[in-house]
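One structure is given here, and the rest of the page talks about it.
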Amino acid sequence: MTTEVAAFYVEKTNVEKFKKAEKPSLVSQISKTSKQINGDPLKDNSSTPSTTQAATCSDPPLTMSLQLNVIWTVMVGLSLGTRLWQLSTPKHVVFDEVHFGKFTNFFMQHKYFFDVHPPLGKLLFAVTAYLSGYDGNFSFDDIGQDLGEYEFHVSLLRFVPAFLGGLIAPCIYEIVLELGCTQWTAGFAAFLIIFENMLVVQSKFIFLDGQLLFFSIASVLCYLKFRKQSNRVFSSSWWSWLVLTGLSLTAACSTKYTGVMTLLVVGTMVALDYWKLIGDSSIPARDLTQHLVARGSCLGIMPILLYLLQFYVLFALIYKTGPHDDMMSSAFQASLEGGLAKITQGQAEEVAYGSQITLRHTHGKQCWLHSHPETYPVKYPDGRGSSAQQQVTCYSFKDVNNWWIVKDPHNDSLNVDWPPRPVKNGEIIQLIHGISGRALNSHDVAAPLSPTNQEVSCYIDYNISMHAQNLWRLEIVNPDGSGIWKTIQSQVRLVHLNTSQAVKITGLQLPDWGFHQFEVATDRVINQQDTVWNVEEHQQNISYRYVPEKKDKTSIEQQAPQAAKPMAFFPKFLEMQWKMIQSNKELSGEHTFSSTPSQWPIMKRGVAYWIHRDKNMQIYCLGNPLVWWAGSLSVLAYGGLLVIYLLRRRRAVNDLDQESWERFVFVGELLVGGYLVHYLPFFPMERTLFIHHYLNALLFKIILLAVITDHVYKHVFTHHYLRYAITAGCSIYVIVVMATFYFFSPVTYGHVELSSAQINQRKWLRTWDMLSHPNT
C-alpha cells in the first residue's frame, strides 16, 4: 500500500510538472510577451528540451488575443449614434442643403457651377450620389421643400458628413491621450464633443462642416502621432504618420478655405519641431537635410499636387455649360460644351479691320461694353456739366447694343477686306457702335460718378477737328508670338490716343438716367485689372476682289475659321481660384441670423435652419451652453496658470518638473495657439459670418478644458480629498451636460413639436431668436 501511494505521488508530481511546462503562468506570459515586443530574446534555461518540446507540441496552431477598451467602444457608439439617429428627419430641405444639394445635381448632370469653397467636400457628395443611383433630379429649390420620393437619396447624402462628424470624438479621445492625459480625461473630452448640440446639427445635413471638422482634427491627431515617432525617425510608422498629416491637412484645406487655419497651426508646430532639431548639435547636417526634404515633400509638394488633382477631376466632371457660366471669362465659357462654345462655334479667330465684335470686361464685373441712344444729363446734381453725348456703359446682359465695328482710321470702309487684314498689338483703331454708327470717344470731361476720371461717350455730331478724340491704341496684355488680336484668348486694353488713358469699368452703378448700368470711364492708371477686356463674339462681313484661279485657288469656304481652342488646365485653374477669392470677399451683407466674432465665445446668437410650415418643429443651430461656457473659462484658466507659473519660476520656484513644464508649454502652443488662430482672423473679415464659423476654435477649446482639468488634478490639487472633489465634479458636470443636450435635442433634431411656452423655456438668452408659429 505504501509503495502504491508513493508511486501515485511520483506520478502526480510528474503530471503537475508537465502541466506547468505546458501552461506557463500569466506573469511569465506577460513577461515573455513584453520581451518579444521590446525585441529582447526569450530565454528559459530552466526548461528541459523535452519539456519545451512537449509544450510546443501542445500549443494550438493559431492564437488570438482581444482587448476591449470599454470607454472607447461606448464613446464611438454614442458619437455615431447621436449623428446618425433621425438622419432622415426632417423630411425637408434644411438651410444650405439648398446649395450643396444643387451642386450634387450639377455633378450628376455634368453642368458647370461655381462655389466659393474648394471641391473635395462636394466631390464626396457626388461620389455618394453616383453610388446610390441618384439621378440628380430633385430640385433643392427652397428651404422646407418636401423630400418626397428622394428621401432615401438625401439621407445617404446626409450620411457622409454625419459619419465623418461621428469620428471627431474618437480623434479627440486619441489627441488627449497623446497629450499625456489619462483615459478618463480622454473620455471626458470625447463625451463633451458627443453631447455638443451644434456639432450634431452641423454633421447631420448636407453641409461641409462635418467633413471640415473631421479633417482638421484628424490632422492634429496625425501630427501628434508623427511627433511621438521622433525616436524612430525615418521608420515606416514615422513616414506613415507624416504622410497622413499631409493628407488630412490637404483634405481640410480642400473642403473649406478656413482649413488653411489648421494648416497654419500644424505647419507652425512642425516648423518649431524642426527648429529644435537644428539646435541639436548631435544631429548631422545630412540628417537635417533629409528631415527638411521629408517634411517639405509630405506637407508641401504632395498637398499641392493633390489640390491640383481635385480641380482636374472637377473640370473633367462638369464639362457642360451651366447656370454660373457668366461669372467666368469668355475663354473659360468657350471651353464648356454648349452655351458660349455653341454661339462662338466657327467664328473667326483673328480680329480684322471691319470685324463686328462684342467686348466683355475680363476681370471683376462681368458685363459688355455698351452704348444706347440716350445721352448724359446736361448737368449732374452736384452742378457739374457733361458732354450731353451718347452714353457708354457696361451692360450685364447680352444685347444688340453691345456690338462694335473695328475700323481702320485711314479707311472709310466698314467691311472686312479679302484677305482680312488682322489687327495687331499697338495699332491705332476706331470703334464704331454697330446700331448708332457713332464712334467711341473720350475727352477732358469728368465722368458722371467718378470726377477724377474722364467721360467715355459716342459723339452725336462728329467734327473733323475732333479726330484724335476717337482714336484708340490697342494694347494686348497677353500677346502670343504673332502679336495678332485674337477672339476669346486675347486680353486687351484700349488706350485713348489723345490723353493716354485706358477704358475701364469703375464698378459704380449709374442712376435711373443710366438704367443702373455700370459706369465706364478712362483712367490714367493703365496697368490695372479694371482696364482689361476681351472679344467674346465676332462676325465678319467679307468683301473680296476676284483673284485669278492660278494665283489663288482657295475659296472662302476653304478658309472657314476654326472654333476657339479648349482652355488649358492651369489658366482655367488660376481663373477659378481668383474668382473664388474675389467671391469670398464679396459675401457681405445683412442677414437676420448673422453674428460677430465677439458674440461667439458665449454663444450669444444662433441660426434658424428650418421650421415646419404648420408646427413648431424646427432645426435651430445652437450649441450646448454648458460646453461652450466652460470651454471659454478653460482659455482663461490656462492663461492664469501660465502667468502664475512664470512669476514663480522667475522667483526660482519650480512647481513643475522639467518634463511637466515642457508639456504644459506645448499644450499652450498647440491648443491655445490653435484656438486663437481659428478665431482671431474672423474679426477683420468683412463678409457675412455665422456662429458655426466658430466650431473649429470650439474643438480646440474643448480639448483644452479636458487637459487643464487633468493638469489641475495631477499638479495643483494634490490632496486626495481635493482629487475626489474634482472627480465628483467632473462626473456631475458630464451628467448635466448630457441632460442639457437632451433638453435642447428637439431643436437639434427637429423631431418633436414644441409649444410656444416650451420654446421660450429654451431661450436661456434673449438673443436666441428661435422661431415660433403664432397661436401655438
Side-chain angles (χ1 to χ4, degrees), residues 75-90 92-101 104 117 120-122 124-125 127-128 154-173 175 189-221 248 251-252 255-256 258-259 262 603 606-610 618-624 627-628 631 678 690-703 737-738 741-742 744-751:
M75 172 199 63
V76 172
L78 286 173
S79 183
L80 291 174
T82 53
R83 273 66 179 172
L84 298 177
W85 186 66
Q86 295 284 343
L87 199 58
S88 61
T89 302
H92 303 87
V93 176
V94 175
F95 199 56
D96 277 349
E97 288 186 331
V98 169
H99 303 298
F100 298 112
T104 305
H117 303 299
L120 179 61
K122 300 182 286 291
L124 292 178
F125 289 135
V127 170
T128 304
V154 172
S155 297
L156 286 180
L157 292 177
R158 290 175 177 176
F159 174 82
V160 175
F163 178 75
L164 294 178
L167 298 179
I168 295 174
C171 287
I172 286 185
Y173 177 88
I175 287 174
F191 273 79
L192 296 184
I193 295 295
I194 292 169
F195 296 107
E196 208 300 295
N197 298 70
M198 193 179 298
L199 291 176
V200 175
V201 171
Q202 291 301 120
S203 299
K204 270 182 59 65
F205 302 107
I206 310 175
F207 305 156
L208 299 180
D209 298 272
Q211 304 171 54
L212 170 68
L213 295 173
F214 167 71
F215 292 133
S216 296
I217 210 66
S219 63
V220 176
L221 173 60
S248 52
T255 303
K256 274 189 171 183
T258 50
T262 307
M603 201 171 58
V607 184
Y609 278 0
W610 167 83
Q618 63 181 291
I619 303 293
Y620 190 79
C621 184
L622 186 74
N624 191 319
V627 176
W628 283 60
H678 285 87
F690 299 94
I691 193 168
H692 60 74
H693 289 112
Y694 186 68
L695 289 180
N696 259 318
L698 176 69
L699 295 182
F700 283 89
K701 196 165 64 170
I702 293 174
I703 299 172
V737 164
M738 293 172 63
F741 174 84
Y742 177 78
F744 286 101
S745 63
V747 297
T748 300
Y749 294 99
H751 64 302

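A quick note: this is a predicted structure, and the numbers were derived from the prediction, not measured. Heads up: numbering here begins at 1 and tracks the sequence. No hydrogens, no waters, no symmetry mates; every other heavy atom, side chains included, goes into these values.
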Assess the residue pair M198 and W628 against the criterion (side-chain contact (heavy atoms from CB on, under 4.5 Å)); give the C-alpha distance rounded to whole Å, side-chain angles, the decisive distance to 0.1 Å, and a yes or no.
CA-CA 10 Å; M198 193 179 298; W628 283 60; 3.6 Å; yes
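- Shortest non-hydrogen contact noted between M75 and Y173 is SD-CB, 3.5 Å.
- With R83 contributing its side chain and F159 its backbone, the two residues share no donor-acceptor pair below 3.5 Å.
- A 4.5 Å side-chain heavy-atom check between E196 and L698 finds at least one atom pair inside the cut-off.
- Proximity of a side-chain donor or acceptor of K204 to a complementary backbone N or O of Q86 within less than 3.5 Å is detected.
- With F214 as the fixed residue, the side-chain contact (heavy atoms from CB on, under 4.5 Å) test singles out one of C171, P161, S219, S248: C171.
- Closest heavy-atom contact between F700 and N696: CD1-O, 3.2 Å.
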Go through the steps for I702 and I172 under the test side-chain contact (heavy atoms from CB on, under 4.5 Å), then give the verdict.
CA-CA 9 Å; I702 293 174; I172 286 185; 5.6 Å; no
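- Remark: the backbone N or O of L199 is paired with a side-chain donor or acceptor of S203 at under 3.5 angstrom.
- You'll find the side chain of V160 reaches within 4.5 Å of the side chain of F125, heavy atoms only.
- Between L699 and H678, the closest side-chain pair of non-hydrogen atoms is not below 4.5 Å.
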Run the numbers on I619 and F95 for side-chain contact (heavy atoms from CB on, under 4.5 Å), then give the verdict.
CA-CA 9 Å; I619 303 293; F95 199 56; over 6 Å; no
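- Between T255 and Q211, the shortest heavy-atom distance links the atoms CG2-CB, 4.1 Å.
- Between H99 and I206 there is no side-chain heavy-atom pair separated by less than 4.5 Å.
- Judged by distance alone, with hydrogens and angles left aside, the side-chain atoms of Y620 form no donor-acceptor pair with the main-chain N or O of P746 at under 3.5 Å.
- In this structure a side-chain-to-backbone donor-acceptor pair under 3.5 Å is missing from Q202 to G210.
- Listed for the S745 side chain is a donor-acceptor partner under 3.5 Å among the backbone atoms of Y742.
- Judged by distance alone, with hydrogens and angles left aside, the side-chain atoms of N197 form a donor-acceptor pair with the main-chain N or O of F741 at under 3.5 Å.
- The shortest non-hydrogen separation linking H117 to K122 is O-NZ, 2.9 Å.
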